[in-house]
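What follows is a short report on a single structure.
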Amino acid sequence: QVQLVESGGGLVQAGGSLRLSCAASGRTFSAYAKGWFRQAPGKDRESVATISRSGSTYYADSVKGRFTISRDNAKSTVYLQMNSLKPEDTAVYYCAADPHVERLAISAVYWGQGTQVTVSS
């Protein structure tokens with residue numbers, strides 16, 4: 001089993017930046033589909049940025065050009081660099097991973113605990 005531990009969330013002003021980290025333990029993480037989802041109050045969880053097993057990256061239209069997903073296989077860690085943050089980015093951000101699919105989806109097997117990102121105006 002894989003445990004995902006997130007860090008890096010917090011409070012930031014609009015236009016600022018944060019970097020989220022998700023460290024995996026228990027299994028080799030390098031070949032997993034993995035990425036980030038977020039959920040705002042009263043809204044469904046949505047995909048933000050994912051990286052497939054083959055290394056392709058996918059971004060929600062709302063974050064393209066502002067967010068970057070990356071991975072460090074040696075550290076079994078995936079990152080989300082968030083720049084030019086907007087109040088509408090405020091949400092709980094979740095790391096997720098799945099060894100069984102090429103491209104990550106909401107049905108991912110493994111999930112982190114979530115970390116709060118709040119962007120003030």
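If you're wondering where the values come from, they're calculated on a predicted model, not measured in any experiment.
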[atom1]/[X] to [atom2]/[Y] distance, rounded to the nearest 0.5 angstrom?
| X | Y | atom1 | atom2 | value |
| --- | --- | --- | --- | --- |
| S21 | K75 | OG | NZ | 9.0 Å |
| T50 | R103 | OG1 | CZ | 6.0 Å |
| L104 | S47 | CG | OG | 7.0 Å |
| Q81 | S70 | CD | OG | 8.0 Å |
| K64 | T57 | NZ | OG1 | 10.0 Å |
| W36 | I51 | CH2 | CD1 | 13.0 Å |

Close side-chain approach of V117 to L18, heavy-atom, < 4.5 Å: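 They are in side-chain contact.
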
Side chain to side chain, M82 and D89, heavy atoms closer than 4.5 Å: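 No, their side chains stay 4.5 Å or more apart.
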
Nearest non-hydrogen partners of [X] and [Y], listed with the distance:
| X | Y | result |
| --- | --- | --- |
| C95 | V78 | SG-CG1, 3.7 Å |
| S120 | L11 | CB-CD1, 4.4 Å |
| K43 | Q39 | O-NE2, 3.1 Å |
| A33 | E102 | CB-O, 3.7 Å |
| A40 | A91 | N-CB, 3.9 Å |
| R66 | L85 | NH1-CA, 3.9 Å |

Passing option when R38 is tested against E6, E46, E88 for salt bridge (Lys or Arg N to Asp or Glu O under 4.0 Å):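 By the salt bridge (Lys or Arg N to Asp or Glu O under 4.0 Å) criterion, R38 pairs with just one of E6, E46, E88: E46.
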
Pair T77-D72, side-chain donor/acceptor within less than 3.5 Å: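 D72 and T77 do not have a side-chain donor-acceptor pair below 3.5 Å.
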
Distance-only side-chain donor-acceptor flag, Q113 / T115, under 3.5 Å: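 Note: Q113 and T115 side chains miss the donor-acceptor criterion.
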
Other residues, nucleotides, ligands: >12 heavy atoms within 6.0 Å of Q13 CD: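 Not buried by this count: 12 neighbours or fewer within 6.0 Å.
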
Got a donor-acceptor contact below 3.5 angstrom from the [X] side chain to the [Y] backbone?
| X | Y | answer |
| --- | --- | --- |
| N83 | S17 | no |
| R53 | A31 | yes |
| T90 | V119 | yes |

Among the clusters formed by ILVMFWY side chains lying less than 4.5 Å apart, do [X] and [Y] turn up in the same one?
| X | Y | answer |
| --- | --- | --- |
| V48 | I106 | no |
| L80 | V2 | yes |
| Y79 | F29 | no |
| Y93 | V12 | yes |

F37 ring center within less than 6.0 Å of W111 ring center: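 Here the rings of F37 and W111 have centres that are less than 6.0 Å from each other.
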
Parallel, tilted or perpendicular: rings of Y110 and Y32 (30°, 60°):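 Geometry flag for Y110 against Y32: parallel rings.
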
